[in-house]
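So that the names make sense, note that chain A is the first sequence line, chain B the second, and so on, each numbered from 1.
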Number of protein chains: 2
Amino acid sequence: MSDQKNGSDTRERILDVAERLFMENGYEATSMRTITSAAEVNLAAVNYHFGSKEALLREVFRRRLAWLNHERLQALDKLEEQAAGAPLKPSQILEAFFGTLLRMGENPALGGMVFLRLLGRTLTEPAEFIRTFFAGEYAEVIDRYKLALFSALPDVPKAEIVWRLHFMLGAMSYAIAGTDVLQVVTGCEVGDLAGEEVTDETDDTVLARRLAQRLMPFLLGGLRAPLPQFDDVQRIKKEPLPKTARDTREKTPDQDPRP
Amino acid sequence: MSDQKNGSDTRERILDVAERLFMENGYEATSMRTITSAAEVNLAAVNYHFGSKEALLREVFRRRLAWLNHERLQALDKLEEQAAGAPLKPSQILEAFFGTLLRMGENPALGGMVFLRLLGRTLTEPAEFIRTFFAGEYAEVIDRYKLALFSALPDVPKAEIVWRLHFMLGAMSYAIAGTDVLQVVTGCEVGDLAGEEVTDETDDTVLARRLAQRLMPFLLGGLRAPLPQFDDVQRIKKEPLPKTARDTREKTPDQDPRP
DNA sequence: ATTTCGTTCAAACGTTCGTTTTAATATTAG
DNA sequence: CTAATATTAAAACGAACGTTTGAACGAAAT
């Protein structure tokens, strides 16, 4: 009646292989035949177990995101419980949100860096069904963290927080996916960047940890940056340059950063 | 002998349409037939004028990146000339690099937001020929700006600067591409974020300017963030915890940011 | 007027795509 | 053991893909 014995063997072998191939080649460029032959299963096995190629991709993500979503919500629950009503520190929120994800990269049982890279890359896939899928999968978690940031930064306009959350997601996704993509842009091997001295067989586990250690200060620095000033002509409906916008305005200092 | 008369009409109509469709659907999911029928040209026109689909994509980018690369180098040249040997301020470098790009989004003649979105999205395309193409196109500019940041931030390890440049590129790309992608993640329409009050027909020009005004402080804040501390077990070749790395080390403060 | 050459066109090429079908083969239940 | 069911296997489906072909067209040059 149910797939008990080794039917899940084929299923999970397909999921593992598809996860890696989707990461390496993207969704469109990865064919069913490539997947099934690499997984050493019959071509029809994907349609039998999952129904379609789209459903396969969804299942690849559902398998990991179920854990990630639960972990992220639990991390936030624990923080808010400890705070006992007091607003959280932004660093705590970022650690809960991004740290939880980056810790997946250190654990091969949770997909490791393969899944992290796939996640970072797939977020930019233009396919409609992918976007709607992620919207549904992410909605609850994003909303919770958004609200947490709102109360953690009461003086920052909510629109600004959402933008910066957007920026942070982008920095993280690129940093993850780019360990074999954007190294070509920066002109450096990732091994050269993980540390001044690294082992020749750059381990994914240590790479994920280094990435987290480098990324978190950057994100926190961006989140707490001075608010932008809108000194151009405002194109609004009612009144030009409303005084309500000036309250939270603050000049961006042209400082000379010494991190 | 040369394409003088109206041959360039077909050529540029193909380039314009391909630019938009590649942005909307991605490279793999955009077929030659979709492009040629939308451009109202014959199916064979692409292969006649460009040789192949891959060459078409390259030409779509070369057309814009030629201007962008020249502008970026010129902006840096001017800055270094004005500085007369003195190191530049990081804010100047970021403004030259990212500001130049974001200003393309305000100018439809340079591709506008369509090209910006395409650029942000295509950087994550896994196809081999795309990565090698971008590597060649970006190499010189990235190298110049990398060196400028090195001398602007002499106390920051070069590896750290490259990482943060990587993060900044990611934040920008996502912010650009995500104006119709990641809004689904943040659960907000982009119109809600561009300002508290916006026109109902959200103009791309004002959107690009708002994006730049929001993004630059974020990037600068991330760039000048405190250096990360590596308190985990170092897996290096020769000596554990070399003292040379401690010189520039600085504890990440657990500050409560009030931007 | 005729040749020349850049361009456009309709049609077809061979290949690969995701999916379906039909039969054979394990696995479990009665 | 037999019947029912779940899984695998081989083969084929129609559709869509990027590319090529060879003829027709149009504007200059000889």
When you compare the protein's N or O atoms with those of nucleotides 9-17 of chain D, which come within less than 3.5 Å of each other, and at what distance?
from	atom 1	to	atom 2	distance (Å)
D:dC17	OP1	B:Ser31	OG	3.3

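Rounded to whole Å, the distance from OH on B:Tyr48 to C1' on D:dA24 is 14 Å. To the nearest angstrom, C1' of C:dC13 lies 13 Å from CG of B:Asn47. Atom NE2 in B:His49 sits roughly 10 Å away from atom P in C:dC9 (whole-Å rounding).
A salt bridge links B:Arg103 with B:Glu95; the closest basic N to acidic carboxylate O contact falls under 4.0 Å. Contact check on B:Glu125 versus B:Arg121 returns no salt bridge, with no Lys/Arg side-chain nitrogen under 4.0 Å from an Asp/Glu carboxylate oxygen. Of the charged side-chain nitrogens involved, none lies within less than 4.0 Å of a carboxylate oxygen, so that B:Glu40 and B:Arg13 do not count as a salt-bridged pair.
Considering only residues two or more places apart in sequence or on other chains, B:Tyr27 meets the ring-ring contact (aromatic ring centres under 6.0 Å, His included) condition with B:Phe22, B:Phe129. Evaluation of the salt bridge (Lys or Arg N to Asp or Glu O under 4.0 Å) rule for B:Glu106 yields B:Arg209 as partners, not counting sequence neighbours.
At least one side-chain nitrogen or oxygen of A:Thr10 sits closer than 4.0 Å to the OP1 or OP2 atom of D:dT8.
For the pair B:Arg72 and B:Phe97, the cation-pi criterion (under 6.0 Å, within 45° of the ring axis) is fulfilled.
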